[in-house]
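Below, chain A is the first sequence line, B the second, and so on; all start at residue 1.
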Amino acid sequence: MAHTPPTPPTGTETAATASGAAASAAAAQGAAEVTMGAALNRALHDAVAEDPDVLVYGEDVGPLGGVFRVTDGLTSTFGEERCFDSPLAESGIVGTAIGMAMYGLRPVVEMQFDAFAYPAFEQVVSHLAKMRNRTRGAVPLPVVIRVPYGGGIGGVEHHSDSSEAYYTHTPGLRVVTPGTPADAYSMLREAIACDDPVVFLEPKRRYWSRQSVDLPVRTEPMERSVVRRPGSDVTLIAYGPMVETALEAAEQAAAEGRDVEVVDLRQLAPFDDATVAASVRRTGRAVVVHEASVFGGYGAEVAARLTEQCFHYLEAPVLRVGGLDVPYPPPKLEEHHLPGVDRILAAMDRLQWESEWVEGHG
Amino acid sequence: MRLVDRHGRRREHPSFTAPDHAVLAELHRAMVIGRRFNQQASTLARQGRLAVYPSSMGQEAAQVGGVLALSEQDWLFPSYRDSVAMVTHGVDPVKTLTLFRGDWHSGYNPHHYRCAPQCTPLATNASHAVGLTYAARRKGRDVAALVLMGDGATSEGDAHEAYNFAAVWNTPVVFLVQNNHWAISVPVHRQSIAPTLAHKAVGYGMRGYNVDGNDAAAVHSVVSHALAEARAGGGPAIVEALTYRIDPHTNSDAPQRYRDSAEVEYWAERDPLARLETLLRNEQIVDDGLLGIYERDAERVATAVRDRMAVEDKLDPDSLFTDVYAAIPPALEQQRRELAEELRQV
């Protein structure tokens, strides 16, 4: 691999899992509680400190520290040369980052919100994703585009889109999204060190989620999906903001006697077929969960691949749980759009459990 | 701004002087080669050896004048109609045509020639030039960039974002706008009502120059000046070169549907090569012997292109997979094996 190999996690699963057991184990070792926002901030500080070619820019990322404070302290610590505010133009931000990467820098740029990244779409799709291929490897573009994405924070229109499928459909990009503070740190460091362009989707409603973890930490390589919670009855496949929700759903299902495995996809593209397919072959049932609207969404790809690869192991069709097929709702209605624990539990109930099967066909 | 009129006579200008004799001769030589290259490539397109060729016939002065103003370490950011500029810049003529031949999306290592891949989406490479020169400055290197764009491209949002970023960051970039009067079939007056396209610089706090784009001496002089200013920290600039696309947009265009042949004749009388040749002869800077050598140099380039294009490159389908990512991901590796299997069965 061209990117820096991450150091393997030490000890138990402190880094790689957000499950309660591991978190309390870490706490017992004296690890500090870290929010995802703080973990991302620390990753940026460490990356800028370590590599003089890394620089951070975008809208309001300088003295303000970003609207979510993820770039807090970078300008005051490292100076204007390493973290600065640029003109307010997303296509220009990504376009200049491409030029910088052509000349050996490793820019990390911030799109302030998911929907505000759309002006940069042409640069991402037509240049960022294609330059290495177009030049037969002569011009790799180690650019990281950080995008706070998804809803659940009461944002007004254009502040809550789940835009992952727009990017995952574009070969040449890596699209990653962390679900835990430890992953947020580790995956951002890995993304910055990676020679491929990375769209780094930050689940903004989880910026304040906490985990006991000692930073710096290195978790599993980002291209690998991980099992967050082992289980034997059904596989819940989630990523980004839905990892926490899926784990909650698994807890509740356990109380009802159903043993749920939760897989956190982490890197959405290119896709790690092996981990999730192995899980589904074990459990025989699968539900894919995401915030984005279901139609044409990322879950369709996962469901299709699982059907192709695990057909004879499946006890029921792979189901998708996602947002409604409506434009993202206003804050007071977003709870009806976002998939929650209940909608996930209801989907799991529809997975043709044996009793239903017998009843339905008996 | 004009230094040589269409009859090959020198014109005085209060701020700009024509380049010296050696540069004037070099400008002419490069235009002779460039025109022959345009003709050869158009012929190859008619013969089906190129999938398409966007000719810059008539625009040689703008391209050659701009490129020869660059220093050794500077970068060129061309669009698809800038093959003559690229050949002048030193890119292998056959590799210049790789894109149009359909062999690959770009035929050369950009670092080797200090030339970005030809850009097809309009104006989107302009911000790349801003970023590249920004990075070079950070690394302590004196690198300027010349971005080639057309009149239509100045309507694109990306052009304006790049102008603004370059101005705010004070990066040494010169945006050379070849106003050839037509964006495929749309005339320039439908693109902008600004007095000139160079006026667009004003809103960004940049300098803007308007120059006779068929006067290679004037283009060279103005672009050299703009590059020197930009290098010295005086900021980027827009240079609008007024020229004309004599040929159709590409070999598949039908210009009789949208423009009058009288207009083409008007501009043909303002041909960039004829006027400089007249001046060079009148001032005895070149003689028949030297002009003959230029013609032979041009013919050699055309012959080499023709001969090398006659040989079909072996294209390896496996190359589709090797440079999408730094390492081939497992799912793509699977498709690679499947394609190899398909090919074995053929």
Side-chain angles (χ1 to χ4, degrees), chain A residues 1-3 52-53 55 57 81-82 84 86-105 107 119-120 122-123 125-127 129-143 171-174 194-197 223 267 269-274 305, chain B residues 75 77 99 104-112 116-121 123-139 141 143 145 156-158 160-169 171 173 204 319-334:
Chain A
M1 300 304 291
H3 56 272
D53 286 333
L55 78 171
Y57 67 100
E81 285 288 291
R82 307 300 300 284
F84 55 91
S86 73
L88 204 165
E90 292 78 11
S91 188
I93 289 170
V94 175
T96 51
I98 289 169
M100 289 181 194
M102 287 173 75
Y103 210 82
L105 295 184
E122 184 181 13
Q123 289 290 348
V125 170
S126 291
H127 293 299
K130 290 178 174 167
M131 187 69 84
R132 172 190 284 277
N133 185 60
R134 175 184 291 148
T135 61
R136 295 184 185 278
V139 184
L141 293 179
V143 175
L173 299 177
R174 286 193 191 228
C194 179
D195 280 342
D196 296 320
E223 65 253 37
Q267 179 171 287
F271 188 61
D272 171 16
D273 290 277
R305 296 178 91 88
Chain B
W75 275 66
F77 285 77
L99 167 69
W104 199 251
H105 303 307
S106 172
Y108 51 93
N109 180 339
H111 291 290
H112 183 75
Q118 288 129 302
C119 190
T120 304
T124 49
N125 62 349
S127 55
H128 304 174
V130 178
L132 184 137
T133 49
Y134 179 95
R137 182 171 65 199
R138 269 180 66 115
K139 288 173 178 281
R141 291 177 205 142
V143 175
E156 292 278 8
D158 273 90
H160 293 266
E161 294 192 17
Y163 298 159
N164 190 47
F165 272 76
V168 172
W169 291 356
T171 52
V173 179
Y204 299 104
S319 65
L320 294 171
F321 302 97
T322 47
D323 296 307
V324 184
Y325 295 96
I328 303 177
L332 192 58
E333 190 65 62
Q334 170 74 17

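At a 4.5 Å heavy-atom cutoff, the contact between B/Val168 and chain A is made by side-chain atoms alone. Neither the backbone nor the side chain of A/Pro119 comes within less than 4.5 Å of any heavy atom in chain B. For B/Leu99, no part lies under 4.5 angstrom from a heavy atom of chain A. Both the backbone and the side chain of B/Ala136 come within less than 4.5 Å of a heavy atom in chain A. Using a 4.5 Å cut-off between heavy atoms, A/Ala97 does not touch chain B at all.
Looking only at distances, a side-chain donor or acceptor of A/Asp196 sits under 3.5 Å from a matching main-chain atom of B/Ala326. The backbone N or O of A/Asn133 lies less than 3.5 Å from a partner atom in the side chain of B/Trp104, making a donor-acceptor pair. Without hydrogens or angle criteria, B/Tyr325 side chain to A/Leu173 main chain gives a donor-acceptor distance under 3.5 Å. B/Arg138 places a side-chain N or O within donor-acceptor distance of the main-chain N or O of A/Glu81, the cut-off being under 3.5 Å.
Counting all heavy atoms, side chain and backbone alike, B/Ser127 lies closest to A/Gly92 at CB-O, 4.3 Å. Looking at every heavy atom in both residues, B/Ala331 comes nearest to A/Arg305 through CB-NH2, 3.5 Å. Closest heavy-atom contact between B/Asn164 and A/Pro87: ND2-CB, 3.6 Å. The minimum heavy-atom distance between A/Thr96 and B/Phe165, with the atom names listed, is CG2-CD2, 3.8 Å.
Considering only heavy-atom pairs separated by less than 4.5 Å from chain A, the leading option among B/Gly131, B/Ala126, B/Ala129 is B/Gly131. Comparing B/Thr171, B/Asp158, B/Val130 by heavy-atom pairs within less than 4.5 Å of chain A, the highest count is held by B/Asp158. Between chain A and the options B/Thr124, B/Val324, B/Thr120, B/Leu320, heavy-atom pairs under 4.5 Å are most frequent for B/Thr124. Among the candidates B/Cys119, B/Pro121, B/Ala162, B/Pro329, the residue making the largest number of heavy-atom pairs closer than 4.5 Å to chain A is B/Pro121.
Put simply, CZ on A/Arg136 and CG on B/Asn109 are 12.0 Å apart, with the number rounded to the nearest 0.5 Å. A distance of 12.0 Å separates CG of B/Asn125 from OG of A/Ser126, quoted to the nearest 0.5 Å. How far CE of A/Met131 is from OG of B/Ser106: 8.5 Å, rounded to the nearest 0.5 Å. For the atom pair A/Tyr57 OH and B/Tyr134 OH, the distance stands at 8.0 Å (nearest 0.5 Å).
Taking the six-membered ring where the residue is Trp, B/His128 and A/His127 present perpendicular rings, their angle passing 60° and hence far from 30°.
Between A/Thr135 and B/Pro110 there is a side-chain heavy-atom pair separated by less than 4.5 Å.
A salt bridge links A/Asp53 with B/Lys139: at least one charged nitrogen is closer than 4.0 Å to a carboxylate oxygen.
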